[in-house]
Amino acid sequence: AQTVTQSQPEMSVQEAETVTLSCTYDTSESDYYLFWYKQPPSRQMILVIRQEAYKQQNATENRFSVNFQKAAKSFSLKISDSQLGDAAMYFCAYRSGHSGGYQKVTFGTGTKLQVIP
Amino acid sequence: DGGITQSPKYLFRKEGQNVTLSCEQNLNHDAMYWYRQDPGQGLRLIYYSQIVNDFQKGDIAEGYSVSREKKESFPLTVTSAQKNPTAFYLCASSKGLAGVKDTQYFGPGTRLTVL
C-alpha cells in the first residue's frame with residue numbers, strides 16, 4: 001500500500017521569506033499523481049498544486065512550486081514570498097495513475113505552517 | 001458559482017441518535033467522497049461513489065451509511081453504531097475520469113460533536 005509521510009508537524013517562516021515543506025511517499029508504481037492541499041483555519045481543503053509523475057518538469061503555480069524527485073520519492077512544496085494568508089495546514093497526497101475505476105487518494109498527516117509578520 | 005456545499009457547518013448529536021450530513025455539488029462531477037478528519041491525522045476515506053445509485057465502502061465505513069440517488073447529492077448518515085463520531089467531516093467530488101482531471105475538490109466541512 002502507498003504511504004505518504006510529512007515529517008515536519010509544524011514550521012514557521014517570516015513574512016516575505018521562502019519556506020519548503022517536505023513530503024516523501026512510498027510506492028512501487030511508476031505512474032501516479034501528487035498533490036498539495038492547503039487547509040486554512042476555515043478548514044476547507046484547497047488544491048494548491050499537482051504533479052504528474054511522468055512529467056519531469058516541476059509544477060509551478062504563482063508563488064508555489066514543487067521539487068519532484070521521482071527516484072528519491074520526494075515531493076516538496078516551496079512557498080516564495082510568504083504571506084500571512086499562507087498560514088495553514090498543508091497536506092501532501094498521492095493517487096495512483098491506473099486508468100479506469102476508482103483510485104484511492106492517500107493523504108499525509110499534514111504540516112502546520114505559521115507565518116510570522 | 002460552481003462548488004460544493006456542506007450543511008450544517010456545526011452539528012451536535014446526543015448519543016444513540018442518527019444524524020445526516022448534507023453534501024451537494026453543482027460541478028457536474030460524477031464521483032463524490034466522504035472523509036473524516038481527526039486531530040493529528042490525515043484524511044480517512046469513509047465512502048465513495050463513482051456514479052449515481054452506486055457507492056463503495058472506504059477504509060472506515062463502519063457506523064456510517066450513504067446514498068446517491070442524485071448526481072448532485074451524497075448525504076452521509078452517522079449512525080448510533082459509530083462509537084466515536086466526534087470529528088470533522090469533509091465531502092469531496094471529482095470528474096471521475098482517469099488522470100489529473102480526477103483531482104478531488106472539497107466542500108467547507110461539517111464539525112460533528114457528540115454530547
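In what follows, every chain begins at residue 1, and chains take the letters A, B, ... in the order their sequences are listed.
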Next item on the list: Write down the atom of A:Tyr37, the atom of B:Gln104, and the distance for their closest heavy-atom approach.
Entry: OH-O, 2.6 Å
Next item on the list: Give a yes or no on whether B:Met32 and B:Leu21 share a hydrophobic cluster (residues Ile, Leu, Val, Met, Phe, Trp, Tyr; joining criterion: side-chain heavy atoms under 4.5 Å apart).
Entry: yes
Checklist line | Distance in Å, B:Thr103 OG1 paired with A:Arg50 CZ, rounded so as to fall on 0.5 Å steps | finding: 4.0 Å
Note to self: Are more than 12 heavy atoms, taken from residues, nucleotides or ligands other than A:Asn62, located less than 6.0 Å from that residue's CG atom?
What the structure shows: no
Next item on the list: Please flag which part of A:Gln39 lies under 4.5 Å from any non-hydrogen atom of chain B: side chain, backbone, both or neither.
Entry: side chain
Next item on the list: Flag yes if more than 12 heavy atoms outside A:Lys78 fall under 6.0 Å of its NZ atom; otherwise flag no.
Entry: no
Item checked: Proximity breakdown for B:Leu45 and chain A, heavy-atom pairs closer than 4.5 Å -> side chain
Next item on the list: Flag yes if A:Leu34 and A:Phe107 sit in one hydrophobic cluster, no otherwise; membership is Ile, Leu, Val, Met, Phe, Trp, Tyr, and two members link when side-chain heavy atoms are under 4.5 Å apart.
Entry: no
Notebook entry, point to check: Linking I/L/V/M/F/W/Y whenever their side-chain heavy atoms sit closer than 4.5 Å, directly or via other members, would B:Leu11 and B:Leu76 fall into one cluster?
Noted result: yes
Next item on the list: Between chain A and each of B:Gly42, B:Ala31, B:Gly109, B:Gly58, count heavy-atom pairs under 4.5 Å; write down the option with the most.
Entry: B:Gly42
Notebook entry, point to check: Just wondering, are more than 12 heavy atoms of other shown residues or ligands nearer than 6.0 Å to CD in A:Glu15?
Noted result: yes
Next item on the list: Output the distance between atom CD (B:Gln56) and atom NZ (A:Lys104), rounded to the nearest 0.5 Å.
Entry: 14.0 Å
Check: Can you say whether A:Lys112 sits under 4.5 Å from chain B via the side chain, the backbone, both, or neither, judging by heavy atoms?
Finding: neither
Checklist line | Inter-residue atom distance A:Ile46.CD1 - B:Phe106.CZ, 0.5 Å rounding | finding: 11.5 Å
